[in-house]
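Every heavy atom of this structure was used, including side-chain atoms; hydrogens, water molecules and symmetry mates were not.
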Amino acid sequence: MSPLEEYGIFFSTLKSDFKDEDFHRVFAENCYFCDPFQEVIGVEPLILIFRHMYATLKEPRFIILDAISEGDRGYLRWRFVYNDTHFDGISHILFNKAKKVTSHVDYWDSGINVYAKIPLLGSIIRFLQKYLRASR
């Protein structure tokens, strides 16, 4: 099994009662993590992000849709399900020689998937989307 496949299993089976050791087993100590809302270096700040996610969202989970890897890098296409909704994204992952994650960068649309769901802000975003759409 490739490091990326193992990593996909890690995320798709992650639960709210995870142990810090689970992250230390998978991530290099000075790993880099970035998504549209945060950018951190190190396993401990990453653990805090996931503890916060499980504390604030209802039943969050990742479904791995596709995985492509070559050598020390790979891409995961995933669906994030939470609070009776979901959205899709892609992660670019780098591994070290010990097969631990050194970099995880998420790409997903925070405008549509988060900001547009905030009542007043959402109506402004939907208006702008409609206005900027090529075929109105």
Side-chain angles (χ1 to χ4, degrees):
M1 185 177 302
S2 76
L4 186 66
E5 289 171 318
E6 290 179 17
Y7 190 58
I9 291 169
F10 170 77
F11 266 104
S12 64
T13 60
L14 194 61
K15 303 281 187 224
S16 62
D17 62 350
F18 71 83
K19 308 278 187 274
D20 290 4
E21 298 82 42
D22 298 336
F23 277 75
H24 286 280
R25 181 179 45 80
V26 172
F27 291 90
E29 286 304 312
N30 63 343
C31 65
Y32 173 74
F33 178 87
C34 181
D35 74 10
F37 293 116
Q38 54 242 329
E39 180 178 30
V40 298
I41 294 176
V43 179
E44 295 303 323
L46 181 59
I47 290 169
L48 293 176
I49 289 169
F50 280 86
R51 293 246 182 256
H52 180 262
M53 177 187 78
Y54 281 110
T56 57
L57 300 178
K58 180 183 172 196
E59 300 176 9
R61 61 188 167 90
F62 294 91
I63 300 169
I64 304 303
L65 304 172
D66 196 15
I68 299 171
S69 65
E70 183 176 318
D72 65 350
R73 66 191 63 239
Y75 295 88
L76 290 176
R77 189 169 62 90
W78 45 262
R79 175 163 294 142
F80 182 54
V81 179
Y82 70 102
N83 296 2
D84 301 321
T85 190
H86 72 274
F87 64 85
D88 293 353
I90 293 177
S91 299
H92 178 235
I93 316 297
L94 298 178
F95 297 92
N96 63 16
K97 291 189 187 325
K99 299 182 181 179
K100 287 190 172 191
V101 174
T102 59
S103 177
H104 175 130
V105 179
D106 282 342
Y107 299 95
W108 52 274
D109 187 345
S110 59
I112 290 296
N113 296 308
V114 176
Y115 297 128
K117 295 178 179 166
I118 299 170
L120 180 59
L121 187 57
S123 59
I124 294 168
I125 289 173
R126 286 187 294 279
F127 169 79
L128 289 172
Q129 286 177 316
K130 188 174 181 180
Y131 179 77
L132 296 172
R133 192 172 295 134
S135 58
R136 287 187 248 165

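Residue F27 holds its CZ atom at 12.0 Å from CG of N96, rounded to the nearest 0.5 Å. Rounded to the nearest 0.5 angstrom, L94 CG and C31 SG are separated by 11.5 Å.
The side-chain heavy atoms of H92 and Y75, taken from C-beta on, include a pair separated by under 4.5 Å. Considering only heavy atoms from C-beta on, T102 stays 4.5 Å or farther from F95 through its side chain.
Under the rule for a side-chain hydrogen bond (donor to acceptor under 3.5 Å, both in side chains), the partners of R79 that lie at least two apart in sequence or sit in another chain are D88. Annotation: side-chain contact (heavy atoms from CB on, under 4.5 Å) contacts of E5 (sequence neighbours excluded): M1, S2. For K15, the side-chain contact (heavy atoms from CB on, under 4.5 Å) partners two or more places apart in sequence, or in a different chain, are D17. Looking at residues two or more places apart in sequence or on another chain, you find a side-chain contact (heavy atoms from CB on, under 4.5 Å) between T13 and I9.
Under the 4.5 Å side-chain heavy-atom criterion for Ile, Leu, Val, Met, Phe, Trp and Tyr, F87 and F11 are members of the same hydrophobic cluster.
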Can you give the donor-acceptor pairs under 3.5 Å from side chains of residues 45-68 to other protein atoms, not counting sequence neighbours?
residue: R51; atom: NH1; partner: F18; partner atom: O; Å: 3.4
residue: R51; atom: NH2; partner: F18; partner atom: O; Å: 3.3
residue: R51; atom: NH2; partner: D20; partner atom: OD1; Å: 2.7
residue: Y54; atom: OH; partner: L14; partner atom: O; Å: 3.0
residue: T56; atom: OG1; partner: H52; partner atom: O; Å: 2.8

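Between Y7 and H104, the ring centre distance stays below 6.0 Å.
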F10 and F23: CA distance, side-chain angles, deciding distance, ring-ring contact (aromatic ring centres under 6.0 Å, His included) verdict = CA-CA 9 Å; F10 170 77; F23 277 75; 5.3 Å; yes
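The shortest non-hydrogen separation linking K100 to A28 is CB-N, 3.7 Å. Residues L4 and S69 approach most closely at CD2-CB, 3.6 Å, considering heavy atoms.
Applying the salt bridge (Lys or Arg N to Asp or Glu O under 4.0 Å) test to pairs two or more places apart or on separate chains, none has a residue in residues 33-48.
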